[in-house]
K.L.:
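Questions regarding the structure given below will be posed in turn.
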Amino acid sequence: MSHARASAAAFAAAFLFGCAPPGPKPEQTADAIYTGGDIVTVNDKMPTAEAVAVKDGKILAVGSKADVEKAHKGAATKSVDLGGKTLMPSFIDAHSHYINSLLVANQCKLYAPPAGPGKDVPSILAELRKFAADRKIAKGEMVMAYGYDDTVMPDGRLLNRDDLDAAFPDNPVRVDHVSMHGAVMNSLALKKYGIGAATKTPPGGVIVRKPGTQEPYGLIMETAFLPVVEKAGAMTPAQEIEWTKAGQMLYAEAGITTAQEGATHLPQVQTMKRATVAGANVIDVVAYPFITDVDNVLKEIPLSAWGTYDKHFKIGGVKITMDGSPQGKTAAFTTPYLAGGPGGEKGWKGEPTFPQDMANAMVKKVYGMGVPLTLHCNGDASIDGFLKAYELARAGDFTKPWNVTTIHTQFMRKDQIPKFVQYKVRPSFYTLHTYYFAEAHIANRGKEQAAYISPMRDAIDAGLRPTNHTDFVVAPLDQMFMLWSAVNRVSRAGAVIGADQRVTPMEGLKAMTIWAAEQYGEENRKGSIEPGKLADLVVLDRNPLKVDKMAIKDVKVLETIKEGRTIYRAK
Ligand SMILES: [Zn+2]
């Protein structure tokens, strides 16, 4: 339409309908238009844009400022000036343990630097005192903390019971180890959980004793810690709602609007369901019940309701665990650990969680249910075991689509990648281990294998679209630190861990947005800024594609938007 004819039509419209101001039709009028900063769409067809229009919680238009404003700016449209900040699709968590966020949202965070203040015993005690004072925790009430990392304590001076007794003579205190497999407690907490000098250390457990005595003094771990976990009381109905909101805010602060509950048992499904019915969800939560709990969960939520969000909550599929952790020497490998097993066993290769025939039956069952499958696989033998079970389940027919993701996939061998390509199985990687556990992996598995952990470069080059995850609360919920680790692969000690497996910042972003959306089967509604998709957005203080690669970890989340509504804004 020529300019002259357009003006004539506008004149005619104004004449016919009175004095209505010229503007877009109501269904084309945006609620808000974002301009004035970098817009990273994560859409290869239009990687950058000047403006994004949002309406009714969805992206209405993306393009040049002039075009978007002309077509979609009405009298009531809010103009949002990004002020030089960067707008992106919000982050999709490819694997974490959402249910734990409900608990740690009310606990003192003691991660080691840079994620937290836990660099030594005095810093830990100072943070605990501040936390108890800020929260006005009364005498006699429990003080809970998480993220304690004993491996960074200087000179081997570890946190002990006496430290906590001196700081908190009137409150039970429990400081959970970063692995979530143990804790250091003071005398009142030890008494509460019934652990004392007379408590025998169970097989597979650790109770550190005060030198020269039988008194528990420091970490209590593994099987010795299980009674503590079991005695921790269930949430009250009011806590379920309040803690759900607090836990989801941890994700929102990290720029995440879709969270994974990556290993769910029935009581946790029930908690999530009750919080959902009560309207407590502000982000999307996707739960993966453990294979051993699937039949119980089906009684609560029938298969026909799986895969569909109800008030931001859905059952995404099933989780199977194939092995343990490489740093704990419980991951299953085809070759022995260099430093022996957890109990000093020679020639130790780790063990699969389930015997192969049992794993075969489990994978087949999930295939028969026709739902997505996620599998915890760390060692190369566990990946071999998965591939064997997968091939048996499909019985030679690979035509029917089946959404399968391996979680961690850390010690994937190069020769396993073509199978993933052939079977269209998605690896979700854990590049944060190049920072947190590189030194442990070198000691356990040697330099060559350690350098090849989470081989994201080779996976992408082979045509796979991997995702990346934090495994929160095992690692902090920090998506920019995760991106930094995928791009740089630098260890805590400053060593480069497998330079040839580094990815570009854009590839790293895809692994936490559009490829993660594919992992959930939600690529048509999430993961990029494209018309018709949800307005799930994040505002960052800088553009991670433009800053120095080593500065990516310092990029901050300023605002998180879920379906057009701001759910978090940095203070
Ligand atoms: Zn996990």
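If you read the sequence from its start, that first residue is 1, and numbering goes on from there. These numbers were taken from a predicted model, which means no experiment stands behind them. When a ligand or atom number is given, it counts from 1 through the structure's own listing order.
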K.L.:
The Zn ion (ligand 1) and His469: any N/O/S contact shorter than 2.8 Å?
P.N.:
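No, outside the cut-off.
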K.L.:
Applying ring-ring contact (aromatic ring centres under 6.0 Å, His included), run through Tyr98 and Phe472 and close with a yes or a no.
P.N.:
CA-CA 8 Å; Tyr98 159 78; Phe472 179 74; 9.7 Å; no
K.L.:
Taking atom types as modelled and ignoring hydrogens, do the side chains of Ser90 and Lys562 form a donor-acceptor contact shorter than 3.5 angstrom?
P.N.:
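There is no such pair (donor and acceptor under 3.5 Å, judged by atom type) between the side chains of Ser90 and Lys562.
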K.L.:
When you measure from the side chain of Thr560 to the backbone of Val538, do you find a donor-acceptor pair of N or O atoms at a distance under 3.5 Å?
P.N.:
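Flag not set: sc Thr560 to bb Val538 has no pair under 3.5 Å.
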K.L.:
Can you name the N/O/S atom of Asp471 that is nearest the Zn ion (ligand 1)?
P.N.:
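When I compare the N, O and S atoms of Asp471, OD1 is nearest to the Zn ion (ligand 1).
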K.L.:
Angle subtended at the Zn ion (ligand 1) by NE2 of His95 and NE2 of His97, to 10 degrees?
P.N.:
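Answer comes to 100°, rounded to 10°.
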K.L.:
Would you call the rings of His433 and His441 parallel, tilted or perpendicular, where under 30° means parallel and over 60° means perpendicular?
P.N.:
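Ring orientation of His433 relative to His441: parallel.
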